[in-house]
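A quick write-up on the structure given underneath.
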Amino acid sequence: MTSNLAGNTNTAQDSDRPMIQMLSPEGKRVRSGEYDSYAADLTGEDMREFYRDMVLIRRVDAEGNALQRQGQLGLWAPLKGQEAAQIGLGRALRKQDFVFPTYREHGLAWCRGVEPETLLGMFRGQHHGGWDPQENRFHTYTIVIGSQVLHATGYAMGVKFDGDVATGDLDRDTISVACMGDGATSQGDVSEGLNFAAVFHAPVLFFIQNNQFAISEPNSAQMAAPLFKRGTGFGVPGVRVDGNDVLAMYSVAKASADSIRAGLGPMLIEAFTYRMGAHTTADDPTKYRSDALTESWLEKDPIDRVRRFLHHEDYADQKFFDEIDEEADALAARIRAACMAMEPPAPSEMFDSVFVEKHPLIEAEQREYLEYLDSFAEEGAL
């Protein structure tokens with residue numbers, strides 16, 4: 001079963017913001033010759049895998065949110081609503097590509113092989129990141145807004161200088177991915193990254209998930225120009241994609257990544273989507289946006305959209321959907337049990353790996369802190 005995916009210009013949001021869409025909210029294929037260059041051949045199995053990825057990572061997200069509310073995690077950054085944007089991009093990348101995430105890229109982490117338990121452990125304070133960035137080709141989560149864009153650009157410049165781009169070798173040509181939200185584009189680091197990438201022709205894909213709210217500020221309070229045009233002045237072409245359409249996301253991400261790997265320079269993708277939940281579990285979105293707005297986006301749910309498509313095309317039956325739900329239940333039980341069973345790390349570990357080599361000041365602070373803890377034991381307080 002091969003599907004010829006084509007694009008569509010959606011002007012519902014703004015006539016100045018063309019948006020590539022290949023799957024309507026009703027689950028119907030949308031075709032237009034204007035964006036045929038992005039078309040990707042996908043089978044029914046491919047689309048079932050997209051559905052599976054999105055359902056499972058949404059369940060991981062739900063467990064993370066619930067565990068935080070139960071006091072098992074210090075914080076959680078919900079992903080709900082942005083699954084298609086991340087899974088579409090994640091499945092379009094090659095193993096040698098390197099992703100530089102924010103703190104909400106649970107779907108990309110899933111695609112890069114980072115176990116959900118590891119993500120939970122990080123938000124629980126069990127470890128300093130928890131995965132090997134080189135092994136997963138996935139950098140540790142970045143909390144400082146926008147700083148990962150400079151990291152991704154610098155890495156891409158290194159790739160360029162090493163000659164690992166535009167060689168024609170599918171297993172060698174490499175790109176880096178700079179993930180960010182709409183709010184991060186107001187940071188100077190993002191502008192600097194765009195400028196360096198353009199000047200040095202660095203193989204980097206700038207990936208903006210425009211979920212329309214930077215914590216409590218809507219787009220209207222953040223920017224006067226469409227985000228997909230943000231790179232134009234620096235010499236980085238951009239495109240706007242329906243971020244709730246996994247088919248469009250995959251197709252555009254794959255075409256863009258292939259172009260960058262071929263040595264044609266950096267590119268930018270704005271995935272227009274919506275954050276269904278809070279910015280983090282420390283946030284109350286009802287203070288700054290209406291329930292009616294969120295309700296209107298329920299009709300554009302990325303998972304429901306693919307489910308309808310699979311049904312319309314007879315690519316999946318009820319047994320398939322039931323099996324995925326059962327797999328999601330098992331995954332939720334597994335990661336919940338793993339999280340609850342995590343032992344608190346030794347206090348001394350917070351001083352480990354601060355520097356590659358031993359550092360006198362860090363060693364002194366570690367000794368002082370351990371002596372402080374020992375004083376409680378001597379007094380019978382521990």
Side-chain angles (χ1 to χ4, degrees), residues 5-11 13-22 32-40 85-86 88-89 92-94 97-100 146 148-157 159-160 165-166 173-182 184-210 219 222-243 245 247-273:
L5 304 185
N8 174 55
T9 300
N10 187 322
T11 57
Q13 301 297 328
D14 190 324
S15 60
D16 193 37
R17 304 186 188 195
M19 183 163 65
I20 300 174
Q21 184 184 83
M22 299 179 181
S32 170
E34 184 175 358
Y35 290 110
D36 280 350
S37 60
Y38 289 114
Q86 293 189 20
L89 170 64
L93 299 176
R94 295 181 185 163
D97 298 330
F98 210 116
V99 178
F100 291 80
Q148 71 279 2
V149 175
L150 287 177
H151 302 159
T153 301
Y155 185 90
M157 290 167 62
V159 169
K160 175 73 179 298
V165 66
D173 290 338
T174 303
I175 72 167
S176 73
V177 179
C179 301
M180 72 196 88
D182 46 286
T185 63
S186 297
Q187 295 291 332
D189 288 2
V190 174
S191 293
E192 292 171 9
L194 286 164
N195 191 49
F196 270 95
V199 170
F200 287 91
H201 215 59
V204 55
L205 174 62
F206 295 93
F207 177 55
I208 303 173
Q209 292 173 85
N210 181 3
N219 280 181
Q222 300 178 64
M223 62 211 63
L227 285 177
F228 77 94
K229 293 184 176 181
R230 182 57 62 90
T232 304
F234 297 99
V236 179
V239 64
R240 194 163 188 254
V241 186
D242 184 344
D245 178 353
L247 303 185
M249 279 304 312
Y250 173 84
S251 297
V252 174
K254 183 178 185 301
S256 300
D258 287 347
S259 173
I260 298 169
R261 289 193 197 96
L264 300 182
M267 298 186 71
L268 181 151
I269 294 176
E270 176 196 356
F272 190 80
T273 182

Quiz item: Is N195 reaching over with its side chain to a backbone N or O of F234, donor-acceptor style, under 3.5 angstrom?
Solution: no
Quiz item: For the residue pair V165 and I260, what are the closest heavy atoms and their distance?
Solution: CG2-O, 3.5 Å
Exercise. Using a strict cut-off of less than 4.0 Å between a Lys/Arg side-chain nitrogen and an Asp/Glu carboxylate oxygen, indicate whether D173 and R94 qualify as a salt bridge.
Key: no
Quiz item: Heavy atoms, side chains only, cut-off 4.5 Å: are Y38 and M22 in contact?
Solution: yes
Quiz item: Given side chains that start at C-beta, do those of F196 and M157 come closer than 4.5 Å, heavy atoms only?
Solution: yes
Quiz item: Are L205 and L89 side-chain neighbours, meaning at least one heavy-atom pair lies under 4.5 Å?
Solution: yes
Quiz item: Residues two or more places apart in sequence or in another chain: which of them pass side chain to side chain contact (heavy atoms under 4.5 Å, CB included) with S259?
Solution: L264, M267
Quiz item: With sequence neighbours excluded, what pairs up with A198 under the side chain to side chain contact (heavy atoms under 4.5 Å, CB included) test?
Solution: V236
Exercise. Tell me, with the steps shown, if T153 and E192 meet side chain to side chain contact (heavy atoms under 4.5 Å, CB included).
Key: CA-CA 9 Å; T153 301; E192 292 171 9; over 6 Å; no
Quiz prompt | Pairing residues for T273 by the side chain to side chain donor-acceptor pair (under 3.5 Å) criterion, not counting sequence neighbours | solution = N244
Self-check item: Partner set under side chain to side chain donor-acceptor pair (under 3.5 Å) for D189, not counting sequence neighbours
Solution: none
Exercise. Identify the two heavy atoms, one from A271 and one from M249, that lie closest to each other, and give their separation to 0.1 Å.
Key: CB-SD, 3.8 Å
Quiz item: In Å and rounded to the nearest 0.5 Å, what is the CG to CD distance from N210 to Q222?
Solution: 8.0 Å
Quiz item: Between E270 and F228, what is the shortest heavy-atom contact and its length?
Solution: OE1-N, 2.9 Å
Quiz prompt | Short side-chain to backbone donor-acceptor contact, S251 and A248, under 3.5 Å | solution = no
Quiz item: Looking at A85 and F207, what are the two nearest heavy atoms and their distance?
Solution: O-CZ, 3.6 Å
Practice problem: Drop me the distance from T232's OG1 to L194's CG, to the nearest 0.5 angstrom. | Solution: 10.0 Å
Exercise. Write down the atom of L268, the atom of L227, and the distance for their closest heavy-atom approach.
Key: CD2-O, 3.9 Å
Quiz item: Say you draw a straight line from CZ of F272 to CG of D245; how long is it, rounded to the nearest 0.5 Å?
Solution: 13.5 Å
Exercise. Please confirm whether the backbone N or O of C179 pairs with a side-chain atom of Q148, one donor and one acceptor, at under 3.5 Å?
Key: yes
Quiz item: How would you list, by chain and number, every residue that makes a side chain to side chain contact (heavy atoms under 4.5 Å, CB included) with Y155, sequence neighbours excluded?
Solution: F98, F100, R137, V159, S176
Self-check item: Set of side chain to side chain donor-acceptor pair (under 3.5 Å) partners for Q209, sequence neighbours left out
Solution: Q82, Q86, E105
Practice problem: Measure across M223 and T185 and return the closest heavy-atom pair with its distance rounded to 0.1 Å. | Solution: CE-OG1, 4.1 Å
Quiz item: Under the side chain to side chain donor-acceptor pair (under 3.5 Å) test, which residues partner K254, sequence neighbours left out?
Solution: D258
